[in-house]
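Below is one structure; the comments refer to it alone.
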Amino acid sequence: MDFSIRAANVEDCKDIARMIVELADYEKVTDHVKITQRDLEQDGFSKNPFFHGIIAEVPEQLRTKDGHTKVGYALYFYSYSSWAGRAIYMEDLYVMPEFRGKGIGKALMSKVAQLGLAAGCNQLNFTVLDWNKSSRDFYMSQGCCDVTTSMGYHCMRCEGEALQHLAQP
Amino acid sequence: MHFKIRPAKKEDCKEISRLIMELAVYEKMPDQVKIAHEELERDGFCENPFFQCLVAEVPEEHKSKEGFTVVGYALYFYTYSTWKGRSIFLEDLYVMPEFRGNGIGKGLLCKVAEVGKKKECVRLQLSVLDWNTPSRDFYAAKGAQDLTVSEGWHAIRFDGQSLDNLANEAAKI
């Protein structure tokens with residue numbers, strides 16, 4: 001499937017807000033979402049943004065039945081390990097169900113890894129819900145290690161060779 | 001004991017690096033420390049710093065037996081929750097053993113909460129090792145919720161009333 005990956009801009013916030021709710025629905029916690037499109041605009045596109053976004057887009061002819069061409073996103077920010085130094089944290093990774101299985105999720109995550117390495121980061125960290133087997137299997141297949149085994153969220157990290165590999169286009 | 005909490009300066013990085021190693025030893029993972037003061041100087045004091053840091057200092061007359069006056073630190077950075085918005089993550093909180101029990105740890109924690117509140121952060125998060133009972137008890141006593149019960153790291157959060165209370169405590173220091 002033809003798709004493109006690009007940096008999010010302020011005009012994307014409406015679609016990012018839509019997909020955040022879709023992801024929360026998928027994670028069965030829709031009522032947890034308190035932020036709005038306006039919060040995203042202020043917090044992600046001001047002088048000192050709290051996060052950065054990447055959007056996956058498909059051409060018009062592949063748009064959804066509701067008319068959306070923005071079909072996935074990754075939201076990340078830079079963090080720090082006092083042991084390992086610069087790190088990148090992927091807060092969200094989401095692809096609309098009808099567009100899965102096409103490499104879009106992997107492309108988004110790879111882009112995050114690439115940006116992290118370009119910025120001198122030594123780790124890519126994120127979390128996943130333990131019942132989310134398809135996501136866990138996907139992440140494991142990319143060479144990540146499960147740093148915290150628990151009954152709920154897991155902290156995940158890609159580093160070293162796995163991270164280099166992930167950053168390959 | 002009289003102490004001061006202030007933002008770290010670039011010149012503090014050697015001391016912070018020393019304290020980072022002490023914390024790693026305490027956490028039984030000293031071989032995991034890969035960075036030194038040079039990385040801290042570069043990453044914490046550039047135009048878009050990767051972290052912020054507060055240090056706790058005692059006067060000369062209370063210096064440690066090795067002669068240190070920087071006796072604790074808190075290292076943190078801003079994060080984002082796509083559900084709740086602006087957050088702050090406390091990466092490290094450490095006070096040298098001989099200076100514990102004097103309110104320095106609490107002072108550092110409260111100052112971080114205060115900084116977060118000024119930036120309209122709605123969460124303060126951190127992690128703690130499950131065997132680290134003194135630290136777990138310390139955070140629980142401050143109203144933190146243990147979000148992930150596991151065999152290893154725990155994710156901890158301050159929000160709502162407990163965060164307000166913590167930030168308000170900073171004004172008393």
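Labels below follow one simple rule: chain letters A, B, ... track the order of the sequence lines, proteins then strands, and each chain is numbered from 1.
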ask   = Between A:I35, A:T36, A:L40, A:D39, which has the largest tally of heavy atom pairs under 4.5 Å with chain B?
value = A:I35
remark   = Of A:I20, A:V21, A:I16, the largest count of non-hydrogen pairs under 4.5 angstrom with chain B goes to A:I20
Can you measure from [atom1] ([X]) to [atom2] ([Y]) and round to the nearest 0.5 angstrom?
| X | Y | atom1 | atom2 | value |
| --- | --- | --- | --- | --- |
| A:S82 | B:E39 | OG | CD | 12.5 Å |
| B:L23 | A:W83 | CG | CH2 | 7.0 Å |
| A:N48 | B:K119 | CG | NZ | 6.0 Å |
| A:D43 | B:Y80 | CG | OH | 3.5 Å |
| B:F77 | A:F77 | CZ | CZ | 7.5 Å |

Less than 4.5 Å to any heavy atom of chain B: does that hold for the side chain of [X], its backbone, both, or neither?
| X | value |
| --- | --- |
| A:S81 | both |
| A:Y80 | both |
| A:L23 | neither |

request  = Can you check whether anything in residues 12-20 of chain B gets within less than 4.5 Å of chain A, heavy-atom wise, and list it by number?
outcome  = B:I20
query = Looking only at heavy atoms, which of residues 42-51 of chain B get nearer than 4.5 Å to chain A?
reply = B:R42, B:D43, B:N48, B:F50, B:F51
Partner of B:T82 under side chain to side chain contact (heavy atoms under 4.5 Å, CB included), chosen from A:M19, A:E91, A:K34 = A:E91
inquiry  = Applying the side chain to side chain contact (heavy atoms under 4.5 Å, CB included) criterion to B:W83, which one of A:D31, A:D92, A:V33 satisfies it?
reply    = A:V33
key: Which atoms of B:E91 approach chain A - backbone, side chain, both or neither, heavy atom under 4.5 Å   = side chain
